[in-house]
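One structure is given below, encoded as structure tokens.
Heads up: numbering here begins at 1 and tracks the sequence. The figures that follow rest on heavy atoms only: side chains count, while hydrogens, waters and symmetry mates do not.
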Amino acid sequence: MKNFEKYTKQYYMPPVRCMDWAEKDAVDHAPVWCSVDLRDGNQALIEPMSLEQKVEFFKLLVKVGFKEIEVGFPAASETEYVFMRTLIDEGLIPDDVTVQVLTQAREHIIRRTFEAIRGAKNVIVHVYNSTSVAQREQVFKKDKAAILQIAVEGAKLLKQLTDEAGERYRFEYSPESFSGTEPEYALEVCNAVLDVWQPTADRKAIINIPTTVENAMPHVFAQQCEYISKNLKYRENVVLSLHPHNDRGCGVATAEMGLLAGADRVEGTLFGNGERTGNVDVVTLGMNMFSQGVDPQLDFSCMPEICARYTEYTQMEVSPRQPYAGALVFAAFSGSHQDAIAKGMQWRKEHDMRYWNVPYLPIDPTDVGREYQTDVIRINSQSGKGGVGYILQENYGLNLPAKFKEAMGYAAKRVSDHAHKELRPAEVYQVFLDEFVSARPVFDVPECHFRQLEEGIAAEVTIVCRGESAVVKADGNGRLDAVTNALKQHFGEEFTLITYEQHALSEKSDSKALSFVGIEKGGKSYWGAGINEDIIKSSIDALVAALNNCMAANA
């Protein structure tokens, strides 16, 4: 690809090796979560949310379980200011939820922010200024000392205004564009801010490390984060926070490695909404923990509802491949995948399994409000017998014999392929009815009468073929055998009955009998099924359907 030579790394490694994080293999507890959907997420929308939408989104975030929510940049616009006042004046902020507001390290903006939060019970005031080489040289045209002074003056004003208000607001500082800043300089600025705030155990400060533009592999950020964590002043009274963006597509990995490296808190959004490629996706982060047996302290058990409301408020779609949340993330179309899932689910039924371990399903879909019958096994032209059989068994109580599943699988694939579409469960069931229950292209048997013999059964079978009716008599060692002999005699057909199985359908199906019959002719198998309250009628219907399929195929 042309022009690759004009790019070079824009990040800086810490001055010492920081690799303790690499010895850990998992995040073993939930961080403090802070949603920035209403600020970072909202400002990235083509059409920012209305006041009413922001209020409803705030309620959704509270319902999910966020205890810290960045609600906006009150000094940025009248809408942002009014939203902050609405939350306060209408008493919409629960006592256990802290709202966070963002402000630049500029005096008039900070003062306007303090006007907006007046009367709020729990508040984090988040101040930032850019520290990167590019920002210092190209935007501010200031040296390191001058940039550090901007941060310090902002920190002083926050403390002053809080003291004047008689409040105990908490403070957060971000060296914006940290990812393009020398780590030792970012540390110097953060420590200078902390010297102003003098955090205590009962009023901790937050130092937030943002990958404002993600420009390095996650392991680089982990080393940078560990360096900051190990060298911050007042570390026991500081909450080290992360604010990853996703420019390299590594936001989740960056956050997870940052947590291994000592971070205590994560700022992110639902489904990764945000500037450019977005912020880190808190849903994926939380569900990753959940899938490893760690309580994320967020509730995604109603994922379809969360997705729907998110789309309603933001006009942003949740990708069908979005981890854990997308419409297709649990869907299996491949025949081999479907077969493995079906067998795995059956294994769980037969064994006392403490832990979830089903092929191709990293978590139980029902834990996020999804259904096996409609969301997991999905039928199209790539599907196989296992998936089709699973759909019929789970949705309609049909336990097909193994060989019958194969025939049914081919039938469903054929219909899907010709229609160029996925088949929903009801459509799969209709294929079953059309192909194996109702199939009467050659003849029908509307009536049978039986008489007990000393050795066997005598049958009188009414056969209707091409508009003509005939009554055929034959004996057999049982009713089905007698009907089989009558059909062979009438049509001059030679075939072998290879499978005959029955089972009762569930009570919701009026306890009907379901029969399966397989016959063989010329080395090929043909199948039929019958559903009827009467077991004998069910068996005969299955035989008639199977022979019809055989005769139609060999016509």
Item to check | Minimum-distance pair of heavy atoms, taken over all atoms of Asp299 and Ile306 | outcome: O-CD1, 3.9 Å
Checklist entry - When you check the side-chain N and O atoms of Asn191 and Tyr234, is any donor under 3.5 Å from an acceptor? => result no
Checklist entry - Does Thr162 reach the main-chain N or O of Lys159 with its side chain, forming a donor-acceptor pair under 3.5 Å? => result no
Next on the checklist: With a 4.0 Å cut-off on N to O distance, would you call Lys59 and Glu56 a salt bridge?
Outcome noted: yes
Checklist outcome for this item: In terms of heavy-atom contacts, Val318 and Ala325 come closest through CG1-CB, 4.3 Å
Checklist entry - Do the side chain of Asn246 and the main chain of Gly278 share a donor and acceptor less than 3.5 angstrom apart? => result no
Checklist entry - What is the minimum heavy-atom distance between Asp37 and Gly268, and which atoms define it? => result OD1-O, 4.0 Å
Checklist entry - What class does the angle between the rings of Tyr128 and His126 fall in, given that below 30° is parallel, 30 to 60° is tilted and above 60° is perpendicular? => result perpendicular
Item to check | His245 backbone acceptor or donor facing Thr211 side chain under 3.5 Å | outcome: yes
Checklist entry - Can you tell me if Trp33 uses its side chain to pair, donor with acceptor, with the backbone of Gln297 under 3.5 Å? => result no
Checklist outcome for this item: Between Asp281 and Phe271, the two heavy atoms sitting closest are OD1-N, 2.8 Å
Item to check | Any donor-acceptor N/O pair, Lys24 side chain to Leu260 backbone, under 3.5 Å | outcome: yes
Item to check | Taking every non-hydrogen atom, the tightest pair across Cys190 and Pro175 | outcome: SG-CG, 3.9 Å
Item to check | Short N-O contact, Lys54 and Glu80, less than 4.0 angstrom | outcome: yes
Checklist entry - Can you find a side-chain donor-acceptor pair between Asn208 and Ser174 that sits under 3.5 Å? => result yes
Next on the checklist: Would the distance check show the side chain of Asn395 and the main-chain N or O of Pro425 forming a donor-acceptor pair, the cut-off being under 3.5 Å?
Outcome noted: no
Checklist entry - Does Glu115 come within less than 4.0 Å of Arg111, counting only side-chain N to carboxylate O? => result no
Checklist entry - Under 3.5 Å, side chain of Ser177 to main-chain N/O of Gly180, donor-acceptor pair present? => result no
Checklist entry - Taking only residues at least two apart or on different chains, which pairs with a member in residues 260-273 satisfy salt bridge (charged side-chain N to carboxylate O under 4.0 Å, His left out)? => result Glu68-Arg265, Glu172-Arg265, Arg235-Asp264, Arg265-Glu267
Item to check | Polar side-chain atom of Gln198 near backbone of Asp195 as donor-acceptor pair, under 3.5 Å | outcome: yes
Checklist entry - For Arg348, which residues count as a salt bridge (Lys or Arg N to Asp or Glu O under 4.0 Å) partner, sequence neighbours excluded? => result none
Next on the checklist: Below 30° counts as parallel, above 60° as perpendicular, anything between as tilted: where do the rings of Phe57 and Tyr310 land?
Outcome noted: perpendicular
Next on the checklist: Main chain of Trp21, side chain of Glu226: is a donor-acceptor contact present, judged purely on distance under 3.5 Å?
Outcome noted: yes
Checklist entry - Excluding sequence neighbours, so at least two apart, what forms side-chain hydrogen bond (donor to acceptor under 3.5 Å, both in side chains) with Lys67? => result Asp96
Item to check | Side-chain heavy atoms of Lys144 within contact of Glu188, under 4.5 Å | outcome: no
Next on the checklist: Please find the pair of heavy atoms, one from Pro304 and one from Arg370, that lie closest to each other, and give the distance.
Outcome noted: CG-CD, 3.8 Å
Next on the checklist: Determine whether Phe300 and Tyr324 satisfy the following criterion, ring-ring contact (aromatic ring centres under 6.0 Å, His included), listing intermediate values before the conclusion.
Outcome noted: CA-CA 10 Å; Phe300 298 118; Tyr324 303 104; 9.1 Å; no
Checklist entry - Do Gln100 and Arg39 pass the side-chain contact (heavy atoms from CB on, under 4.5 Å) test, and can you show the C-alpha distance, the side-chain angles, and the key distance before you say yes or no? => result CA-CA 10 Å; Gln100 180 171 302; Arg39 198 275 302 171; over 6 Å; no
Item to check | Short side-chain to backbone donor-acceptor contact, Thr311 and Met316, under 3.5 Å | outcome: yes
Next on the checklist: Determine whether Tyr81 and Arg85 satisfy the following criterion, side-chain hydrogen bond (donor to acceptor under 3.5 Å, both in side chains), listing intermediate values before the conclusion.
Outcome noted: CA-CA 6 Å; Tyr81 186 92; Arg85 292 311 314 168; 5.3 Å; no
